[in-house]
Amino acid sequence: RIHLSTPFKEPHLVAVAVARPMFSTLRVAARPLREVRRAAVRHYTFASPAYANTFGEKPSVDTAALRSATIRYIENFDAKAWYDDPICTLIRASALTEGESIATTDAFGSENGRQILATAGVVDKVLQHVRGASSAGVKDLRPQIRRIEERLLSEHAAFLIGNQALDFHKQDGVTEIEESLEANVVERKLNDLLLADEVAGRVRIQRDVALVGCVSNFTNFLDLCRKTLRNLELGVPVLVLSRSNTTQHMYRWVQLLLEESRREGLDTGLVTYISCSIAEQRRIMAALSHCPFYLTGSRPVAAAIKELMPHTFASTGGPNTMVVPSLNADVDAAVRMSTCIENSGQCTAMRHLVTESASSEDLKRIFEAVKDVDTSADSLRQSAFDGLFRKWATSFKAEPGYDLMPPPAAAQGAQPLAYRISHGDLPPKGLDENWRRVYLDVSTPPKGSSLQDPAYVQRLARWLTTEQPIVLAVNGDNEQAGFPIMQQLFSSTAQCIYNVGREGKPSLTAQARPQDGEIFGEFPPRGEMSKYTSGPVFVPSSTPSYMARYQASHLLSAASRAEDVLGGGGAAAFQLLQAISEVEIKGYGVLLAEYLQESCGPKRGCGQRTSLWGLQRPPVQDVSTLMRIRKEDDLGTVAIHLLPFLLTNAKDGLVVSMESSPASLRSALAAAGVPSHCETDAAFEQRRSTCEPWNVVDFTDAVAVEELPMVDHFVLRLLPMGHIKSASSQDEDFVKAFKDSEKWLRYTA
């Protein structure tokens, strides 16, 4: 039996239980007397003490029973069911069946059911409905939604996992449910804190309909729980969109959610499903451009959506990389598992290996132990989550430039491995992940260099910041010397996840447990972020908080604390805020400062592995952030973008380029020691090309007060975040090596 945390018993109360702190900031300093007055300010935004206090409570999960129940569900599944009950549009749980009937396909292109694509008239009905649902006025549905969630992830869990296994051919859906149960506890608490702030009049939660773009490989956590239930429980209606493949299993959870909503007496109009063509989906997006769109998918898909929906919040993958000076049996196993997991169908699957020396014979040795499976049920029975499917092999055509390695004799018939070895070079820009196909690029240093050569490691760091993998893992680093390879890469890059292997215990790329403080995110390259997403999406977080905004009264109140918070007339940040005419913007700047004061520095995780997590500064280089300010730019907009740098060690690496030089701005930059240059657009472009910054901040429009996000979401558009972990538990040598790294964001004002 799966035990969940007790749901709310008094729905009319906004009760917030603050757990015993499970994390601590590692850098502790005496507070000036002035800070005592600020201690009452409460932030639950990323890396704040209240955020950290949400970790540590983990429900028990009987994974063996869950696995057995899922296998039984798959064995007894009637393949006709998805034909007899075709996917269609659902409004208020009623099926709208007008439209073209087409076949649906699974992850391997095999037909597995039917789908009715809505007519333009049905799409119009959906638009009319969701616009009305947006103004329903319901704010707190936590008791009902959490009871539904408890049933979904217990008595209906085998249904969810089984359908995903049948449609996407996921091999380990049990772990997803286990981790969802644990991470949901944290994200529920964050929602509680957000709603309490709304009740107190500090923030407002936007309740326009949220569009949900589903991802096949983690739909039960990311789509059902994070994007759908966390929005619904705070009164945000959702519109779930169909997919062009593997769309059966998420449609089935929408049906189930609607059934459970009726059981709870909820308005079924809060959940709508649209089954339609991509052209009609884009018409919906254009009509609902003011609404949020939550997506987990590829960068090209995210870019196409962001064109129509400015409030797109997208998680977009990346070519995960492992660095290994030399190969051995333990590392071989880590490479094999990381590359093949879920048939390269997990977002943290490895795509790129960097090692001193590698040949096709080395790869043959590494992958000779790979297993083959016929079905996802086989994977569940055998715990073969890196087993390669047989039925997926016949259609495998390798891309130009890749060699094919047939599977070993013990796994004949399974899909082959496509590989490319680049001696002295790194993979080309825009490396395709080749979803569900096992591709591996191998890079070796040029002749005369090595992974102990800082110049080569810096070259690799440049590639990592350009391609932006989710995960960077390093195995075989010099432990006695304090992990020099990872130290340099950690300081010089901005991945969300860094994994450090220890002797006899190598790290995979496919490892992250957000509920343990192993913060997770799939970020695009920072210089291109606005092309794909409105801001970074990280786990755990409160999904409705991405569209939450501060009340004007709260900002006005914060503005009155400016001198107390920022230290008076001698401080550069205070001088800058005083020059702002709009009081609400000044108040937002104060909230930024208060947030940074209490949230900087690394925190320690609470899982079996040893992790440090928190806010970070940009990659440590001469020019990491280049900010361009033109004479028509709004001073308030400029000021709040400068504050996260002026108040922290992120100012080291900031360079400001100005078309003109306002006295207040020039004075604040000089007081903070930030280099600034008054130059033409042409000179700025030349500087940009020469220094190759990690990020360029350019202002096109003034920031409207009503569009300012929660302070952590604002800061994370400018600065990186995430975690670094050791594969070992209670690894004090690892903590000692990385807790004082210059990469952690520190409050210095």
State yes or no: are the ring centers of Tyr532 and Phe523 separated by less than 6.0 Å?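 Ring-ring flag for Tyr532/Phe523: false, centres at least 6.0 Å apart.
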Pick out which of Arg230, Arg207, Gln206 makes a side-chain contact (heavy atoms from CB on, under 4.5 Å) with Val236.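 Exactly one pass, corresponding to Arg207.
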Could you tell me whether the side chain of [Y] reaches within less than 4.5 Å of the side chain of [X], counting heavy atoms only?
X: Asn434; Y: Arg351; answer: yes
X: Leu229; Y: Leu257; answer: yes
X: Pro416; Y: Phe396; answer: yes

State whether a side-chain donor-acceptor pair under 3.5 Å links [X] with [Y].
X: Gln248; Y: Asn163; answer: no
X: Glu176; Y: Gln164; answer: yes
X: Thr104; Y: Asn112; answer: yes
X: Asp378; Y: Gln171; answer: no
X: Thr105; Y: Glu111; answer: no
X: Arg226; Y: Ser541; answer: yes
X: Glu182; Y: Gln515; answer: yes
X: Arg420; Y: Tyr402; answer: yes
X: Arg243; Y: Thr246; answer: yes

Evaluation steps, side chain to side chain contact (heavy atoms under 4.5 Å, CB included), between Glu280 and Thr119: CA-CA 9 Å; Glu280 287 296 328; Thr119 64; over 6 Å; no
With the threshold set at 4.0 Å, does a side-chain nitrogen-carboxylate oxygen contact exist between Arg252 and Asp167?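 Salt bridge flag = no for Asp167 with Arg252.
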Could you check whether Glu528 pairs with Lys531 (Lys NZ or Arg NE/NH1/NH2 to Asp/Glu carboxylate O, under 4.0 Å)? no
Within residues 211-220 or reaching into it, pairs that qualify as salt bridge (charged side-chain N to carboxylate O under 4.0 Å, His left out) - sequence neighbours excluded: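 Not a single pair qualifies under salt bridge (charged side-chain N to carboxylate O under 4.0 Å, His left out).
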Is the charged tip of Arg436 near the ring of Phe168: under 6.0 Å from the six-membered ring centre and within 45° of its axis? yes
For Phe293, enumerate each residue passing the ring pair (Phe, Tyr, Trp, His ring centres under 6.0 Å) test, keeping only those at least two apart in sequence or located in another chain.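 Here no residue qualifies.
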Derivation and outcome, ring pair (Phe, Tyr, Trp, His ring centres under 6.0 Å), residues Tyr439 and Tyr419: CA-CA 6 Å; Tyr439 275 76; Tyr419 71 95; over 10 Å; no
Check the pair Lys306 / Ser530 against side chain to side chain donor-acceptor pair (under 3.5 Å), numbers first and verdict last. CA-CA 8 Å; Lys306 182 71 160 47; Ser530 61; 5.8 Å; no
Mind checking what makes salt bridge (charged side-chain N to carboxylate O under 4.0 Å, His left out) contact with Arg549, not counting sequence neighbours?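 For Arg549, the residues satisfying salt bridge (charged side-chain N to carboxylate O under 4.0 Å, His left out) (neighbours in sequence not counted) are Glu707.
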